[in-house]
Protein chains: 2
Amino acid sequence: MTVRFSEIRAMPGQPFTEGCPTRVVLDHIMGKWGVLVLLSLSDRTHRWGELRREVQGISEKMLAQTLRVLEADGLVHREAYPEIPPRVEYSLTPLGRDLMERMLPLVEWVAIHSDAIVGTDD
Amino acid sequence: MTVRFSEIRAMPGQPFTEGCPTRVVLDHIMGKWGVLVLLSLSDRTHRWGELRREVQGISEKMLAQTLRVLEADGLVHREAYPEIPPRVEYSLTPLGRDLMERMLPLVEWVAIHSDAIVGTDD
DNA sequence: CTGTATCCTTCTAGATACTG
DNA sequence: CAGTATCTAGAAGGATACAG
């Protein structure tokens, strides 16, 4: 194993204890919609409407909320073009790209093993 | 970037579309408590009471529920010893250990960057 | 096209009490 | 010690309508 959790836990600030900032970030990026939006953006820049279609099942409300949180976290960049009709493009910030480099191997694993896992029981 | 999402998306079964098994697995392992329980177990085998203490803030109900889901998924192994008082030990299965190898680098990233992220805004 | 605002339902999850 | 059962408050999330 490349990293051990005990080493991570021993880092300054005691990550993943109650009330710790890591818990908040974990909720943002590991939440149902956070992951799916970040995945879409890891591919390329997307417009609002594209994200609505690509992240299947997300409501406008949850898309707006998710994007606002990820933008406030500094993971997503929002670029609005003052045109009629309006055009807004969402992309990953450098920090967001750095994050996705760590997340994509995990997501790939999930894609490969999900059938077996859900097939086992659920 | 080591993997691209577009390649993952193109895999058989169209991962991460609506109703896909990957969505279910994602919810199990990326959920708030799923991650924290898996992290504790990635370190070593734990008894029920140890998990309650280590995963700070989790209720008995959520711990039981989380463990049952992860066990059904084949990620966690439950070993009950027929003693008085009873002793039950939880550990990762080989599949679970494989998963955590991909998850730990991500978790390490979160531990390192969380202060900056939450500091930015929330 | 890109959102916001509101209502309303469903589901999560914490607290409490209890059992083998 | 290792759980289960029940109840309930609150949050999450969907539908709809509307605005810039």
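Residue numbers begin at 1 in each chain, while the letters A, B, ... track the order of the sequences. Just so we're clear, the structure is a prediction, and the values are computed from it rather than from any experiment. All values below were derived from every heavy atom in this structure, side-chain atoms included, with hydrogens, water molecules and symmetry-related copies excluded.
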Exercise for the section: First locate atom CG of B:L63, then atom OH of B:Y90, and finally report the distance between them rounded to the nearest 0.5 Å. Expected result: 7.0 Å
Practice task
Could you check which of C:dA13, C:dT2, C:dT4 has an atom nearest any side-chain atom of A:R68?
Solution key: C:dT4
Problem - d(CG, B:L63; C1', C:dA13) in whole Å - result: 13 Å
Fill in the blank from the handout: OG (A:S114) and CG (B:D73) are apart, to the nearest 0.5 Å, by 9.0 Å
Practice task
Using the closest heavy atom to pick a nucleotide of DNA chain D for each, name whichever of A:E60 or B:E89 lands nearer the 5' end.
Solution key: B:E89
Exercise for the section: Give the rounded distance in Å between these two atoms: NZ of B:K61 and P of C:dA17. Expected result: 16 Å
Practice task
Scan B:R78 against the nucleic acid and name what it touches under 4.0 Å (heavy atoms): base, sugar-phosphate only, or nothing.
Solution key: sugar-phosphate
Practice task
Mind calculating the distance between CZ (A:R47) and C1' (C:dC1) to the nearest angstrom?
Solution key: 7 Å
Practice task
Determine the contact category for A:Y81: base if any of its heavy atoms lies under 4.0 Å from a base atom, sugar-phosphate if only primed atoms, P, OP1 or OP2 are that close, otherwise nothing.
Solution key: nothing
Exercise for the section: Map B:S59 and A:R53 onto DNA chain C by nearest heavy atom, then report which one ends up closer to the 5' terminus. Expected result: A:R53
Handout entry: Approximate separation, where rounding is to 0.5 Å, of A:H113 NE2 and B:L99 CG
Key = 9.0 Å
Fill in the blank from the handout: When rounded to the nearest 0.5 Å, the distance separating CG of A:L26 from CG of B:L106 is 8.0 Å
Exercise for the section: Check the distance between C:dT10's C1' and A:K32's NZ and give it to me in whole angstrom. Expected result: 13 Å
Practice task
Grab the CD-P distance between A:Q65 and C:dA5 for me, whole Å please.
Solution key: 13 Å
Problem - Cationic N near anionic O, under 4.0 Å, B:R52 to B:E60 - result: yes
Problem - Distance, nearest 0.5 Å, that separates CD1 of B:I58 from OG1 of B:T66 - result: 4.5 Å
Fill in the blank from the handout: Nt span of DNA chain D in reach of chain B heavy atoms at under 4.0 Å, 5' end first, is D:dC1 to D:dC7
Practice task
Describe, as an angle rounded to 10 degrees, how the axis at the first end of the helix from C:dC1-D:dG20 to C:dG20-D:dC1 is tilted relative to the axis at the last end, five pairs per end.
Solution key: 50°
Handout entry: Residue that, paired with A:V88, satisfies side-chain contact (heavy atoms from CB on, under 4.5 Å) out of A:E79, A:R47, A:R78, A:H46
Key = A:R78
Problem - Any B:M11 side-chain heavy atom under 4.5 Å of B:I8 side chain - result: yes
Exercise for the section: Enter the distance from B:L39:CG to B:M100:CE here, rounded to the nearest 0.5 Å. Expected result: 4.5 Å
